[in-house]
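Residue indices begin at 1 and follow the sequence shown.
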Amino acid sequence: MDLAYICEWEKWPKSTHCPSVPLACTWSCRNLIAFTTDLRSDDQDLTRVIHILDTEHPWDVHSICSGHSEAVTCLEWDQSGSRLLSADADGQIKCWSMADHLANSWESPVGSLVEGDPIVALSWLHNGVKLALHVEKSGASSFGEKFSRVKFSPSLTLFGGKPMEGWIAVTVSGLVTVSLLKPSGQVLTSTESLCRLRGRVALADIAFTGGGNIVVATADGSSASPVQFYKVCVSVVNEKCRIDTEILPSLFMRCTTDLNRRDRLPAITHLKFLARDMSEQVLLCASSQASSVVECWSLRKEGLPVNNIFQQLSPAVGDKQPTILKWRILSATNDLDRVSAVALPKLPISLTNTDLKVASDTQFYPGLGLALAFHDGSVHIVHRLSLQTMAIFYSSAAPRSVDEPAIKRPRTTGPAVHFKAMQLSWTSLALVGIDNHGRLSMLRISPSMGHSLDAGLALRHLLFLLEYCMVTGYDWWDILLHVQPSMVQSLVEKLHEEYTRQKAELQQVLSTRILAMKASLCKLSPCAVTRVCEYHAKLFLIAASSTLKSLLRPHVLNTPDKSPGDRLTEVCAKITDVDIDKVMINLKTEEFVLDMNTLQALQQLLQWVGDFVLYLLASLPNQGSPLRPGHSFLRDGASLGALRELMVVIRIWGLLKPSCLPVYTATSDTQDSMSLLFRLLTKLWICCRDEGPTSEPDEALVDECCLLPSQLLIPSLDWLPVSDGLVSRLQPKQPLRLHFGKPPALPGSATSLQLDGLIRAPGQPKMDHLRRLHLGAYPTEACKACTRCGCVTMLKSPNKTTAVKQWEQRWIKNCLCGGLWWRMPLSYP
């Protein structure tokens with residue numbers, strides 16, 4: 001467990017911190033972090049501002065002037081990581097969503113209000129999706145066995161069983177408020193008292209049951225009072241939201257029932273369910289000014305003993321013993337230093353005895369540890385069931401020995417720097433903390449909690465979590481923090497091996513995600529930089545190929561079951577003729593008829609296909625060069641087959657509108673460049689296609705490719721720029737110090753080798769990587785960039801034709817690699 005980086009604000013006077021203001025922090029499955037600070041000055045109050053950052057570029061923080069009238073008390077991301085709830089100390093709740101799908105542009109179209117009643121707990125309603133990770137089956141071939149779907153009901157359903165969206169909040173005065181988002185955009189809000197005798201609620205948390213009910217836990221802050229639990233049922237009756245509440249068994253903390261310690265720990269400071277969808281386990285922390293005790297409780301069904309008299313009177317009672325729900329303590333800690341923050345794991349690891357035993361044997365701990373931050377600046381990871389310490393992080397230079405009791409340590413003057421809010425990432429491999437000086441710290445947590453593992457087992461742990469991200473669609477940035485350059489090659493190979501063991505339908509669904517995953521892994525190794533370019537080119541080729549083929553329309557409506565795109569693939573695979581015109585004869589050309597404006601609008605995309613084919617064929621003679629991207633395409637039958645199909649499509653479209661054809665600069669006016677490239681591409685494809693035997697390209701083909709530069713001008717392809725992100729520049733045991741709002745002058749990354757055409761000097765012309773348009777050195781159009789691969793594209797489309805819209809829809813929400821879009825500031829000379 002070590003520090004990856006610290007990000008701090010520009011200098012603020014010491015007096016501006018408000019220690020009484022609680023901080024809120026939340027981490028989305030897309031690796032966006034939203035947090036608040038306790039900074040205030042005479043002319044500025046930052047406690048009402050929500051800051052959002054991407055973990056790969058933490059200095060590029062986006063601050064939302066939230067419009068809250070009081071300090072923000074709660075923040076909560078939704079399951080998809082694209083919407084955010086914020087609540088304040090005046091009872092106002094706002095729902096934020098991305099404007100134009102940009103991670104640094106937010107709007108709040110809807111919200112709710114419980115006027116003057118501070119919100120203490122906030123949660124989205126459950127959508128009924130719950131997975132379980134089975135560590136025991138981490139070696140199984142099918143993803144369905146490793147990550148099984150658990151039967152879980154949504155909190156509320158629409159007609160047809162679709163989960164209804166909305167949120168639930170608990171206020172200080174003991175009210176529960178629920179807002180439901182109807183598909184029409186209307187918000188149904190209802191507020192109800194948790195019980196008849198309302199009391200002050202200082203702490204609360206919300207969890208969900210498998211049957212679709214909601215459980216709310218509340219405490220008034222005093223350890224002498226019980227921790228109360230309520231069942232909340234939400235329904236819609238006559239177009240109105242209805243809330244029914246029911247009291248559940250309550251509990252007193254063990255440490256307060258002990259006569260010797262009753263008065264030493266007067267306050268309950270933390271109350272959390274161990275997981276959002278596990279309402280039968282709760283974590284409690286009682287504290288004094290100097291120390292804390294943490295307890296873990298579990299709700300169990302217990303049998304009620306029945307007197308013999310009743311058993312004789314009613315034999316049915318004797319057969320089936322009545323049961324009662326009771327809270328039982330699972331584990332408790334000894335006296336600890338005062339706890340300042342708690343973070344719980346979000347990884348839904350299966351807690352069966354066999355899974356726990358395998359996890360312990362293989363030392364796989366993600367999802368099993370929760371984080372406790374203390375006022376002395378240290379952070380402990382403790383087991384979620386036994387509360388045994390698994391790992392410790394010290395922020396100060398002088399760590400104390402583990403055996404030394406916290407109570408006897410001499411207290412330093414003034415409060416130490418400590419975390420006021422913490423969150424674990426979705427795979428539990430990273431921890432973010434906001435300290436009492438407003439700084440953000442990112443900690444790495446090793447899957448084995450620092451235990452030394454052999455390389456094979458460490459790889460298996462990371463592979464298992466990468467597969468989980470591949471299946472769920474979550475961002476895997478936090479896993480990359482633990483990948484060493486030496487692991488990259490074997491991780492990519494094993495990931496591909498696991499992927500090929502899945503069913504064909506699942507492979508098709510995950511085909512682009514695995515390419516993006518391989519590209520991000522290869523960024524971490526200086527030897528694999530060209531492969532990053534190749535994976536991104538392959539993503540682009542898949543998207544372009546499916547878009548262009550989807551434009552083909554059957555000539556008559558009552559066609560057989562095969563679409564024109566499928567028929568094109570079949571014909572091109574069957575006919576291995578090197579003459580492009582002979583392949584065209586076998587196709588129904590009327591299916592390729594398109595509007596002239598549409599064909600002209602696609603010219604840049606068709607030009608890229610033509611340039612890419614020429615570049616690949618020209619690089620065949622020196623295919624051993626590691627500094628020249630494209631090497632893997634020369635032995636990839638599927639990609640070469642897709643390019644061959646597109647060449648046929650382009651040839652037919654060129655007959656309709658010659659100006660849409662790719663433009664080549666040839667030395668001879670009479671040369672048919674398309675036919676020449678198709679002939680060479682077909683010969684290369686025959687050598688490595690899936691159906692036939694693979695063979696090396698013959699010398700005649702290599703000789704012809706050697707002559708290409710003397711026949712045609714070879715284009716310099718615009719590969720994606722080397723990303724300016726952090727993950728490839730982080731060194732173990734060397735944390736980076738960053739400042740919010742200031743791009744850092746980072747040491748050279750592993751990928752910044754001088755590769756052919758990969759490095760762009762500042763002031764060079766920029767490219768729209770998805771529309772293949774040149775933007776100039778200082779673009780005047782507003783652009784957006786991908787937070788993961790650095791791909792740049794214009795915000796507004798310069799072309800309004802249907803075909804171009806169809807192409808742009810493929811990456812309007814996310815980049816082709818799955819990264820989020822971030823609006824770029826305009827650059828000036």
Inset, instruction - Compare all side-chain heavy atoms of L84 with those of I50 and state whether any distance is below 4.5 angstrom. - result: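 L84 reaches I50 side chain to side chain.
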Legend entry - Minimum side-chain heavy-atom gap M794-C783 below 4.5 Å: yes
Legend entry - Criterion side-chain hydrogen bond (donor to acceptor under 3.5 Å, both in side chains) against K420, the qualifying member of D38, T36, D435: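 The side-chain hydrogen bond (donor to acceptor under 3.5 Å, both in side chains) with K420 is passed solely by D38 among D38, T36, D435.
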Is the [X] ring parallel, tilted or perpendicular to the [Y] ring (thresholds 30°, 60°)?
{"X": "W9", "Y": "F740", "answer": "tilted"}
{"X": "W821", "Y": "W811", "answer": "perpendicular"}
{"X": "W27", "Y": "W477", "answer": "tilted"}
{"X": "W124", "Y": "W167", "answer": "perpendicular"}
{"X": "F147", "Y": "Y468", "answer": "tilted"}
{"X": "W426", "Y": "Y474", "answer": "perpendicular"}

Distance-only polar pair, side chains of [X] and [Y], donor-acceptor under 3.5 Å:
{"X": "R198", "Y": "S173", "value": "yes"}
{"X": "H51", "Y": "S63", "value": "yes"}
{"X": "D78", "Y": "S80", "value": "yes"}
{"X": "W822", "Y": "D60", "value": "yes"}

Inset, instruction - Verify salt bridge (charged side-chain N to carboxylate O under 4.0 Å, His left out) between R242 and E192, making sure each step is shown before the conclusion. - result: CA-CA 9 Å; R242 179 178 161 183; E192 189 61 62; over 6 Å; no
Inset, instruction - Evaluate salt bridge (charged side-chain N to carboxylate O under 4.0 Å, His left out) for D54 paired with R788, printing each intermediate quantity in order. - result: CA-CA 10 Å; D54 167 50; R788 291 291 168 265; 3.1 Å; yes
Using only atom types and a distance under 3.5 Å, with no angle test, would you say the side chain of [X] pairs donor to acceptor with the backbone of [Y]?
{"X": "S279", "Y": "A207", "result": "no"}
{"X": "R384", "Y": "G367", "result": "yes"}
{"X": "T245", "Y": "L194", "result": "yes"}

